[in-house]
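First comes the structure, then the notes that go with it.
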Amino acid sequence: MTLYADVVLPLPLDRPYTYSVPVELEGRAAVGSRVLVPLGERRLTGFVVGLRKKKPRISLKLKPVAEVLDEKPFFTPELLAFTRRLSRSSFTPWGEILRAAVPPSLLLRTRASVSLTPKGKEALEQGTLSDEERRVADLLEPRPHSPLYLERKVQAKNLPALLARMRKKELVIVEKKLKLVSRRERDELSAGPTQLELDFSLDEGLRKAARAILEVMAKKAFSPFLLFGPAGRREAVYFHLIREAAARSGRVLYLVPEISLTPALIEKYKRKLGDGLAILHSRMTDRQRELEWQKIKERRAAVVIGPRSALFAPLPDLRLVILDEEQDETYSQQEGLPFDVRKAARIRAEEEKAALVQGSAAPTVESFYSARKGRFLIDLGRETATAKVLLLDFRRASGLVDPRLKRAIQDRLEKREQVILFFNRRGYASHLVCGRCGHVPRCDRCDLSLAYHKKEGKLVCHACRRSVPAVLNCPRCKGRLVVRMSAGIEAVAEELRTSFLGCRVEVFAADEAARKEKKDALLRGFERKEIDILVGTQSLARQPGLPPVTLAGVLHPEMILHLADFRSGQKAFLLIRSAFHFLREGETSEVHIQTSAPDHYSIREAARGDYLGFFEQEIRFRRLLDYPPFSFLAEVFFSGENARHVAATARMFVTRVKDSGKDVQVFGPSVASMARKRGLFRVQVNLKTRRLETLNGVLSPSLKGIRSEKSVFLFP
DNA sequence: AGCACGCCGACT
DNA sequence: GTCGGCGTGCTC
């Protein structure tokens with residue numbers, strides 16, 4: 001009786017393919033194995049997700065598995081189940097999730113290689129080739145290349161077709177060669193018990209907080225927790241839990257935002273955790289990643305620290321998943337596969353029957369709400385605030401920077417201290433507007449109004465970063481374009497330079513910092529005290545390793561409140577709180593918040609450092625307007641290069657949702673506010689319901705068969 | 001993802 | 001008339 005294997009391939013396919021298992025491989029093929037299988041002309045690595053004796057009903061003659069690549073299953077059943085559920089919940093094919101989970105070097109596959117035939121060589125010498133053919137032949141004359149390489153090098157519009165023609169004429173041959181795994185000798189490292197040298201003191205309060213979590217870990221059951229409190233105390237609890245887990249040979253996955261994984265932090269963790277620590281992050285080379293994987297699989301790591309990608313760490317016997325800085329926005333809106341790290345961490349913990357410990361000093365409102373309701377909130381207390389906070393009511397002030405803030409800056413400058421100011425708008429003035437017809441120049445790709453950068457005399461699209469020289473006259477009516485004054489960081493910098501002559505002021509924005517050298521130069525300059533005042537957008541707030549200052553200013557955080565986003569209150573709160581992270585410890589440090597909405601609770605409570613105060617009012621607002629967590633919201637994004645195509649897809653999706661007859665409110669489609677990548681059109685559709693089941697019931701069928709790039713984010 | 005097939009406009 | 005653009009569909 002033949003054995004059949006259901007294999008998930010690392011491609012955007014919606015179901016596994018079935019292969020027969022040759023008798024000689026039967027003993028080695030297991031659920032979770034990597035296998036090399038034929039697909040069309042290619043051979044590639046797939047993952048066995050099921051084995052069965054019965055032949056499936058498809059009438060195809062099944063191809064055999066070519067090779068089993070592992071002695072022991074590559075994925076544990078838990079990890080496999082996790083990726084399957086993640087695939088379902090993120091509407092991403094399982095194979096794509098698996099591909100993202102694995103170091104690329106572990107996915108062998110055939111690679112096409114194009115080489116010139118003797119006949120082709122002859123034709124090249126005799127000059128009987130067409131222009132395009134000759135360019136290809138020139139490249140192939142010294143040695144074969146991959147079609148991809150040719151694609152990059154040859155300026156041909158349709159290279160595959162060109163190659164097909166050349167192949168027909170026998171000018172070239174295309175071979176599929178298997179990229180071999182470099183069977184390096186295994187680094188013979190002792191796989192003995194991992195030694196963690198952990199000795200952390202934990203006061204009685206924290207010890208008590210950790211006890212509930214330890215109980216769950218001992219039972220090997222899933223249970224969520226939210227550690228609410230300052231970073232230092234959270235970390236103390238984490239390390240206590242890690243030590244306890246290690247003592248029972250349990251393993252820990254420790255997720256942090258990408259940004260906070262700085263070399264300094266990695267060093268700190270290494271000091272604390274020693275050899276038993278594995279690190280996974282995006283800047284590693286394939287080889288490094290592979291080595292860390294090996295280490296984790298071979299049980300030589302007790303703790304894995306990393307962002308997003310560490311979610312897939314192949315830890316055996318996982319007892320604890322830590323998700324620190326739970327509120328961090330990059331957990332949901334990062335590049336790559338469209339899933340929310342918070343949701344994914346929960347699924348992983350559920351499948352592994354591990355404890356899930358989320359930590360934050362200012363959790364997302366949804367998370368805090370459910371933690372309190374579900375009684376898994378652990379309050380670690382507040383930090384005693386040392387900094388002085390001033391809320392500057394800007395409604396009657398003039399200029400860009402409040403006179404009171406200016407006096408404070410003056411004071412700091414005299415003491416030779418540095419200042420950081422945050423202002424969440426780039427450039428000089430936001431846009432140009434025609435004085436006659438009211439036309440505003442917009443980006444023809446993103447449809448956003450173009451920002452006017454006075455210094456460079458350019459109009460810049462803040463979504464796709466394209467810029468065009470600023471023009472003086474309206475392209476429509478030839479009327480004169482005037483600057484609509486709404487200042488950005490450049491204007492602020494200019495005002496400060498005027499006010500404080502000889503003062504060194506620099507601006508820091510994501511586009512400004514696009515060139516890494518420039519970004520580094522700015523940061524180093526600030527470190528060396530060559531810059532007195534740094535004015536930056538939100539991207540500066542995400543910059544690790546700046547030297548602490550004694551005065552930080554936040555200008556107009558209320559601008560965030562105008563965003564069409566139900567989380568804007570939380571975002572404003574977090575922006576203000578992020579300024580506090582740049583302060584030097586001590587009573588002389590100050591934060592000034594200059595705002596025209598000093599009475600808004602997000603701003604007032606952020607100034608007071610009162611998360612609970614903020615939460616109570618925000619949750620009231622959410623309930624009033626029926627936003628998450630009191631309703632269920634799906635934000636669906638469609639993107640692609642072809643605007644018409646993207647729009648048509650979105651419209652079809654909306655039609656399907658409306659035709660479903662389900663009780664769902666539909667908002668959109670509308671142009672998404674920010675393009676993630678250059679030149680990609682993004683269209684957004686929001687759905688709102690009272691019941692989660694309704695949302696799930698309508699999303700899958702409505703997205704069925706939509707192959708263009710899409711992402712779905714669910715709230716809460 | 002690759003890759004083949006098959007259908008319409010512009011040029012050897 | 002062919003070339004060559006790209007939308008559509010298939011791969012166990």
Side-chain angles (χ1 to χ4, degrees), chain A residues 2-22 25 29 33-52 54-68 87 92-102 104 107-114 128-136 145-152 154-169 172-179 336-337 640-649 652 704-710:
Chain A
T2 331
L3 191 64
Y4 298 94
D6 290 324
V7 176
V8 170
L9 296 162
L11 303 175
L13 301 169
D14 48 14
R15 63 198 166 78
Y17 282 180
T18 307
Y19 291 86
S20 62
V21 181
L25 293 179
S33 300
R34 280 185 310 159
V35 287
L36 194 66
V37 293
L39 181 75
E41 295 296 297
R42 311 182 270 170
R43 276 187 298 162
L44 34 80
T45 305
F47 303 93
V48 179
V49 298
L51 283 171
R52 53 207 167 117
K54 268 212 313 226
K55 198 178 171 172
R57 52 209 170 303
I58 32 169
S59 52
L60 290 154
K61 42 182 185 341
L62 298 179
K63 292 185 181 177
V65 169
E67 204 179 326
V68 178
S87 136
T92 308
W94 195 359
E96 297 220 347
I97 301 275
L98 289 173
R99 178 158 53 99
V102 171
L107 294 176
L108 3 169
R109 57 182 176 152
T110 47
R111 287 287 182 79
S113 163
V114 188
T128 55
L129 296 174
S130 77
D131 223 35
E132 284 183 331
E133 288 171 342
R134 194 172 38 73
R135 268 179 284 163
V136 172
H145 285 291
S146 72
L148 223 89
Y149 175 86
L150 296 172
E151 183 99 61
R152 277 201 311 268
V154 185
Q155 295 283 25
K157 297 209 181 72
N158 189 348
L159 188 85
L162 175 63
L163 284 181
R165 264 174 284 135
M166 292 179 76
R167 196 152 51 140
K168 228 168 239 173
K169 289 193 239 169
V172 298
I173 47 167
V174 182
E175 291 165 298
K176 312 271 175 170
K177 287 180 184 161
L178 189 64
K179 213 181 106 196
L337 293 178
E641 276 165 38
N642 185 329
R644 267 179 49 211
H645 206 272
V646 174
T649 306
M652 175 173 77
K704 206 168 193 137
I706 292 182
R707 294 203 312 180
S708 66
E709 207 178 298
K710 59 180 184 287

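On a predicted model such as this, the values are computed, not experimentally measured, just so you know. Protein chains get the first letters and strands the later ones, always in sequence-line order, with residue 1 at the start of each. Every heavy atom of this structure was used, including side-chain atoms; hydrogens, water molecules and symmetry mates were not.
- Atoms CZ (A:Arg99) and C1' (B:dA1) sit 7 Å apart, rounded to a whole Å.
- Counting only distance, with no hydrogens or angles, the side chain of A:Thr45 and the backbone of A:Leu108 share a donor-acceptor pair below 3.5 Å.
- Taking atom OH of A:Tyr4 as the reference point, atom C1' of C:dC12 lies 12 Å away to the nearest angstrom.
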N/O contacts under 3.5 Å, protein versus nucleotides 7-11 of chain C?
unit_1: C:dT11; atom_1: O3'; unit_2: A:Gly40; atom_2: N; d: 3.3

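- Whole-Å rounding puts the A:Leu36 CG to C:dC12 C1' distance at 14 Å.
- For B:dG2, one of the phosphate oxygens OP1 or OP2 lies less than 4.0 angstrom from a side-chain nitrogen or oxygen of A:Arg109.
- Taking the side chain to side chain contact (heavy atoms under 4.5 Å, CB included) definition, one finds that A:Ser87 meets it with A:Trp94, A:Ile97, sequence neighbours left out.
- Every side chain to side chain contact (heavy atoms under 4.5 Å, CB included) that A:Arg42 has, sequence neighbours left out, goes to A:Leu11, A:Leu39, A:Leu44, A:Thr110, A:Lys176.
- Taking each heavy atom of A:Ala29 and A:Leu51 in turn, the nearest pair found is O-CD1, 3.5 Å.
- Scanning for side chain to side chain contact (heavy atoms under 4.5 Å, CB included) contacts around A:Pro38 gives A:Tyr19, A:Arg43, A:Lys63, with sequence neighbours left out.
- Regarding A:Leu108, its CG atom lies at a distance of 17 Å from the C1' atom of B:dA1, rounded to whole Å.
- For A:Thr649, the side chain to side chain contact (heavy atoms under 4.5 Å, CB included) test picks out A:Phe638, A:His645, A:Ile706, A:Ser708, with sequence neighbours left out.
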